[in-house]
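Everything below concerns the one structure shown next.
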2 protein chains.
Amino acid sequence: MTGITRYTRILTLFDQAHPTWTVAEISAALDTSASTLYRLIREMVAADMLESTVESRYRLGPLFVEYYRRLKLTDPLVLSGSKFLRPLLNQIPCPCTTILARLYGKTVMCVAEERSSIATFATSYELGRPMPLLRGATSKAVLSTLPKRQIMSLIEQASPNAQNDLDALYAEFTSIRKIGISETHGQVDAGLVGIAAPLRSAELGINASLSAIVEERKLNEEIRPQIYAALSSTARMIEGFMAELALDETKSNPAKSS
Amino acid sequence: MTGITRYTRILTLFDQAHPTWTVAEISAALDTSASTLYRLIREMVAADMLESTVESRYRLGPLFVEYYRRLKLTDPLVLSGSKFLRPLLNQIPCPCTTILARLYGKTVMCVAEERSSIATFATSYELGRPMPLLRGATSKAVLSTLPKRQIMSLIEQASPNAQNDLDALYAEFTSIRKIGISETHGQVDAGLVGIAAPLRSAELGINASLSAIVEERKLNEEIRPQIYAALSSTARMIEGFMAELALDETKSNPAKSS
DNA sequence: ATATTTTTATCGTTTTATGAGAAAATCTCA
DNA sequence: TGAGATTTTCTCATAAAACGATAAAAATAT
C-alpha cells in the first residue's frame with residue numbers, strides 16, 4: 001500500500017453500519033499487520049481523523065466537521081447556491097425540499113439542502129450521501145451538464161448491459177440540457193417527484209444541479225409551471241454568482257493575496 | 001516531512017481567507033519542491049480531498065461533505081444529542097440558538113446546532129469552527145468535564161502569564177461542575193449570553209456541552225430558570241442516550257457484526 | 001503557430017514504511 | 001492488590017516508497 005490510500009482505505013471502513021473498529025478487525029479487513037495499523041491509526045488520531053473510544057475501538061474524529069465548514073466557506077457552488085435554497089422554497093407553494101447537488105466521482109452528492117417546515121417526507125438525497133447517477137431528476141440534471149463523451153462513458157459503466165441503447169439513453173440528456181429542466185417520478189423515492197435544473201460553470205469546472213423534491217400527490221398543473229420557473233430563474237442567478245467568483249479568482253491571481 | 005502530516009499540512013492552508021492555492025504558492029508556503037507537491041496533490045485530488053479549478057489553482061474537495069455525513073451517522077455525541085436541540089429550542093421562550101459542542105484539541109467546536117426561526121442574531125459558535133477554551137459558557141462547560149490535571153494544563157497553555165491565579169481560575173470549573181450550569185455574558189459575542197450544561201460520557205471518553213445562546217436584553221428572571229431547567233434535564237437525557245450507546249458497543253463487541 | 005506555463009514522467013539517492021517480535025502499558029477480574 | 005490477558009508502543013533489519021532535479025509532455029496563452 002502506498003501514498004494517501006494507506007489512510008483513506010482505513011477511513012472508508014467507517015460508516016453507519018460499522019461505526020467503530022478495533023485494530024484486529026481492521027487488520028483482518030485490510031490484510032495489514034497490526035503493528036503497521038497501530039502506527040497509521042496513531043497518526044490519524046493525532047490528525048483528528050479518528051479517535052479512540054471504549055473497548056479498544058476507534059471511531060471517526062471531529063476533523064471532518066471542521067473541514068465541512070471550511071468547504072462551505074470556500075466552495076464556489078455552495079457559496080453561490082446555498083443562499084438561494086430558502087428563497088426558492090418560498091416560491092414553491094407545497095411541502096418541498098430544495099437541493100444543491102454535484103458530480104462526485106461516479107455518483108451525485110447533495111452538498112446543501114433546505115427543507116420547508118411543513119415537509120414531512122424524507123428524501124434519499126441527504127447531504128453528503130453519494131447517489132446513483134442515472135436515477136432521479138437531481139442526478140440526471142447533473143449528468144446533462146457533462147460533455148457527451150463523459151456522459152456516454154458514465155452510462156456505459158453504470159449499465160454495461162445496454163450497449164445498443166446508448167444513443168437512446170443519451171437523447172434524454174440532450175433534451176434536459178435543451179429544455180433546462182428534468183422531472184422524474186418515483187425513481188428514487190416512491191411517491192416523490194424530483195424537478196431539477198442543470199447548474200454549470202465551465203470556468204470553474206462545476207457540474208451540478210438545483211432541484212426541488214415534492215410529493216407527487218401535491219403536484220398539479222398550477223404548481224408545476226411555478227416550480228419550473230422558480231428553478232430556472234434561480235439556477236441562472238446561481239450561475240451568475242459562480243461566474244463572478246471565477247472572475248474574482250482570475251483577477252486576484254496576480255495579486256496572490258497571501 | 002513524514003506520515004499523514006505531508007497531507008494535512010497542505011489541507012490546513014485552505015480556509016476562508018485562502019480558498020484556492022496554486023502549486024507554486026503551496027511550494028513557497030511549505031518549502032517543498034513542486035515535483036513532490038504535484039504528486040501529493042494528484043493523490044489528494046484522486047481521493048476527493050482537493051479538486052482543481054481555474055488558473056491552475058486547487059480548492060477543497062467534496063470528500064469532506066461525505067465524511068461529515070458519516071460522522072453524523074456514527075458519532076455518539078451527535079447521534080445522542082442533535083435530536084434534542086429542536087425540542088430544547090421550543091422550551092425556551094425567546095430567540096435562541098442551541099448548540100452541541102465538544103473538546104477539539106485545545107479548542108472547543110460546535111458539532112450540531114439549531115436556530116429558532118425568530119432568531120436574528122449570529123453567534124460565533126458556528127458548526128465546525130474551533131473556538132477558545134476559556135471564554136464563553138459553551139467552552140467553560142466543556143472544560144469543566146475534564147479531569148483537574150487536564151484543566152490546569154489547558155489553562156496554563158492558554159494563559160501562560162497567570163501562573164499564580166491557576167487555583168482561582170480552576171475554582172470556576174469546580175463550581176460549574178457542581179451546579180451543572182455555566183452562564184457568561186458577552187465573553188464571545190457582545191450582547192449575547194451563553195448558558196451551558198456540561199455533557200459527559202466517561203465510558204465513551206466524551207467531553208462536551210449543551211448550550212443555549214440568547215440575547216442579553218431578552219433574558220430576565222422569569223426566563224432564566226426555565227432555560228436552566230431545560231438545559232439540565234435535556235443534558236441528563238443526552239447522557240442517558242450516550243450511556244446506552246456505550247452499552248450497545250460493549251454488547252455488540254463479541255458479535256463483531258461485520 | 002509559437003512561446004509560456006503547468007503537469008507528468010524518469011531516476012538515482014535518501015528517507016520512510018513495514019512487520020515480526022519484544023517490551024511496556026492498560027485493562028480484567030478474582 | 002496482583003496475576004493474567006489484552007492492547008499499544010517500541011526496536012530494528014529489510015524492503016519499499018518518497019524526494020527532488022531534470023526532462024518530456026500537455027495545456028494555455030499570445
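The sequence lines fix the lettering, A, B, ..., with proteins before strands; numbering per chain opens at 1.
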Q. Do NZ/NE/NH1/NH2 and the carboxylate oxygens of Arg59(A) and Glu51(A) come within less than 4.0 Å?
A.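 The answer is yes: the pair qualifies as a salt bridge.
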What nucleotide, of [options], holds the atom closest to the side chain of [X]?
X	options	answer
Thr32(A)	dA18(D), dA21(D), dG19(C)	dG19(C)
Ser33(A)	dA20(C), dT8(D), dC19(D)	dA20(C)
Arg42(A)	dA18(D), dC10(D), dT6(C)	dC10(D)

Q. Mind checking whether Tyr67(B) and Phe14(A) have ring centres under 6.0 Å apart?
A.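 That pair fails the under 6.0 Å test.
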**Q.** Ser211(B) and Tyr125(B): CA distance, side-chain angles, deciding distance, side-chain hydrogen bond (donor to acceptor under 3.5 Å, both in side chains) verdict
**A.** CA-CA 10 Å; Ser211(B) 47; Tyr125(B) 277 95; over 6 Å; no
Q) More 5' along DNA chain D: Met1(A) or Arg39(A), using each one's nearest nucleotide? A)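 Residue closer to the 5' terminus by nearest nucleotide: Arg39(A).
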Q. Toward the 5' end of DNA chain D, which comes first, Ala34(A) or Ile4(A), by nearest nucleotide?
A.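 Taking each residue's closest nucleotide, the earlier one in sequence belongs to Ala34(A).
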Whether [X] contacts [N] is assessed here as follows: a side-chain N or O lying under 4.0 Å from the phosphate OP1 or OP2. Is that the case?
X	N	answer
Tyr38(B)	dC19(D)	no
Thr2(A)	dA18(D)	yes
Arg6(A)	dA17(D)	no

**Q.** Base-contact (B) and sugar-phosphate-only (S) positions in nucleotides 22-30 of chain D, heavy-atom cut-off under 4.0 Å, - elsewhere
**A.** B--------
Q) Using a cut-off of 4.0 Å on non-hydrogen atoms, how would the nucleic acid contact of Thr36(B) be classed: base, sugar-phosphate, or nothing? A)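 Since a base atom lies under 4.0 Å of Thr36(B), the category is base.
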Q: Describe the nucleic acid contact of Tyr58(B) in one word from base, sugar-phosphate, nothing, applying a heavy-atom distance below 4.0 Å.
A: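 If one applies the 4.0 Å heavy-atom cut-off, Tyr58(B) turns out to touch the sugar-phosphate alone, with no base involved.
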Q: For Glu25(B) and Arg57(B), run salt bridge (charged side-chain N to carboxylate O under 4.0 Å, His left out): C-alpha distance rounded to whole Å, both residues' side-chain angles, the deciding distance at 0.1 Å, then the answer.
A: CA-CA 9 Å; Glu25(B) 287 164 5; Arg57(B) 307 186 77 80; 3.1 Å; yes
**Q.** Distance in angstrom units between Ile41(B) CD1 and dA18(D) C1', rounded
**A.**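 These atoms are roughly 15 Å apart.
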Q: Find out whether Leu100(B) and Leu210(B) are in side-chain contact, i.e. whether some heavy atom of one side chain is under 4.5 Å from a heavy atom of the other.
A: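 Yes, side chains in contact.
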Q | Aromatic plane relationship, Phe64(A) with Phe64(B) - under 30° parallel, 30 to 60° tilted, over 60° perpendicular | A |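 Judged by the thresholds at 30° and 60°, the geometry between Phe64(B) and Phe64(A) is tilted.
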Q: Please step through side-chain contact (heavy atoms from CB on, under 4.5 Å) for the pair Thr22(A) and Tyr58(A), ending with a clear verdict.
A: CA-CA 6 Å; Thr22(A) 64; Tyr58(A) 293 85; over 6 Å; no
